[in-house]
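Letters A, B, ... mirror the listed sequences (proteins, then strands); counts begin at 1.
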Amino acid sequence: MAMALRTAVAAAAAPRGFRRLFSTTVTPPFNPPSASVAAQQREKAEPSTNLFVSGLSKRTTTEKLHEAFSQFGEVVHAKVVTDRVSGYSKGFGFVRYATLEDAAKGIEGMDGKFLDGWVIFAEYARPRQPPTPPENNMYPPYGHQ
DNA sequence: AGTGAGCGT
């Protein structure tokens with residue numbers, strides 16, 4: 001009985017080692033851009049009229065942001081993100097141009113430039129979160145089925 | 001906070 005058991009254990013362990021040998025010969029599948037949403041969030045967003053501006057001075061206001069980016073196109077909306085309770089700037093903001101061409105010129109003209117003594121970064125903003133959460137909160141979370 | 005990478009009350 002003891003020998004049969006040891007044989008069974010050895011037979012079960014062997015195939016795992018072979019699988020590793022064969023797995024190295026498998027060609028890795030191509031990874032489309034839509035493979036991982038989380039990884040895509042770390043990459044630069046595709047061209048948009050909306051711009052994400054970071055590296056701002058804490059003293060830079062929405063008006064200053066609007067007027068600085070207006071030199072390179074028609075700004076339809078600009079906003080410095082501030083803390084709701086303290087009211088202080090978080091050091092970044094958003095600028096929306098009227099057209100994609102203006103947005104491109106805005107990046108070319110403002111990215112890496114100085115604003116209020118700080119080097120700012122202008123890039124295309126990522127699409128925002130779903131603005132309309134579905135009505136699926138009527139029932140308590142983690143509740144039983 | 002005097003904060004210093006980030007994606008919005």
Side-chain angles (χ1 to χ4, degrees), chain A residues 5-6 8-145:
Chain A
L5 179 59
R6 287 165 63 182
V9 170
R16 294 205 188 99
F18 287 115
R19 286 201 197 100
R20 287 190 60 86
L21 289 178
F22 283 109
S23 65
T24 59
T25 64
V26 175
T27 303
F30 218 84
N31 252 4
S34 60
S36 174
V37 181
Q40 198 175 16
Q41 295 287 300
R42 295 296 174 189
E43 296 295 328
K44 303 180 194 64
E46 54 187 57
S48 158
T49 56
N50 200 28
L51 263 51
F52 172 69
V53 186
S54 59
L56 293 175
S57 166
K58 304 273 167 118
R59 304 178 317 211
T60 299
T61 179
T62 290
E63 291 74 22
K64 196 71 178 291
L65 187 69
H66 189 289
E67 106 179 53
F69 277 78
S70 292
Q71 307 172 98
F72 306 96
E74 179 183 354
V75 176
V76 296
H77 186 230
K79 166 120 180 292
V80 169
V81 177
T82 57
D83 185 79
R84 194 159 58 112
V85 292
S86 67
Y88 290 130
S89 168
K90 288 186 176 179
F92 66 90
F94 296 89
V95 174
R96 182 175 289 276
Y97 280 98
T99 65
L100 290 168
E101 290 77 16
D102 287 356
K105 289 189 296 181
I107 293 180
E108 292 296 321
M110 289 303 295
D111 185 45
K113 300 303 171 57
F114 278 88
L115 185 59
D116 288 334
W118 285 75
V119 178
I120 70 172
F121 300 96
E123 58 192 309
Y124 292 115
R126 305 190 188 103
R128 265 174 93 170
Q129 295 248 310
T132 319
E135 307 290 337
N136 54 358
N137 284 352
M138 296 176 59
Y139 302 97
Y142 312 111
H144 297 291
Q145 303 175 14

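For K105(A), the salt bridge (Lys or Arg N to Asp or Glu O under 4.0 Å) criterion is met by D102(A), not counting sequence neighbours. For T61(A), the side chain to side chain donor-acceptor pair (under 3.5 Å) partners at least two apart in sequence or on another chain are E63(A). Looking at residues two or more places apart in sequence or on another chain, you find no side chain to side chain donor-acceptor pair (under 3.5 Å) involving T62(A). In this structure S89(A) satisfies the side chain to side chain donor-acceptor pair (under 3.5 Å) test with no other residue, sequence neighbours excluded.
Here ring-ring contact (aromatic ring centres under 6.0 Å, His included) pairs that include residues 103-130 of chain A, with residues two or more places apart or in two chains, number zero. Pairs engaging residues 113-122 of chain A under the salt bridge (Lys or Arg N to Asp or Glu O under 4.0 Å) rule: K64(A)-D116(A) [sequence neighbours left out]. Residue pairs satisfying the ring-ring contact (aromatic ring centres under 6.0 Å, His included) criterion with at least one member in residues 52-73 of chain A, sequence neighbours excluded, are listed as follows: F52(A)-F92(A), F52(A)-F94(A).
For the segment residues 92-123 of chain A, the set of residues with a heavy atom within less than 4.0 Å of an atom of DNA chain B comprises F92(A), F94(A), W118(A), E123(A), in numerical order. A heavy atom closer than 4.0 Å to some atom of DNA chain B occurs in H77(A), these being the qualifying members of residues 61-77 of chain A.
Comparing A125(A) and S89(A), the nucleotide of DNA chain B nearest to each residue sits closer to the 5' end for S89(A).
If you take NZ of K58(A) and P of dG4(B), they are 8 Å apart, rounded to a whole angstrom. Straight-line distance from the OH atom of Y88(A) to the C1' atom of dG6(B): 21 Å, rounded to whole Å. Here the P atom of nucleotide dG4(B) and the NZ atom of K90(A) are 16 Å apart, to the nearest Å.
Phosphate proximity of dG8(B) to R128(A): absent, as no side-chain N or O sits under 4.0 Å from OP1 or OP2.
When the shell of 6.0 Å around CD of E123(A) is examined, it contains more than 12 heavy atoms from other residues, nucleotides or ligands.
Counting distance only, with no hydrogens placed and no angle test, the side-chain atoms of D83(A) and the base atoms of dG8(B) include no donor-acceptor pair under 3.5 Å.
Contact annotation for L51(A): no contact, since no heavy-atom pair falls under 4.0 Å across all strands.
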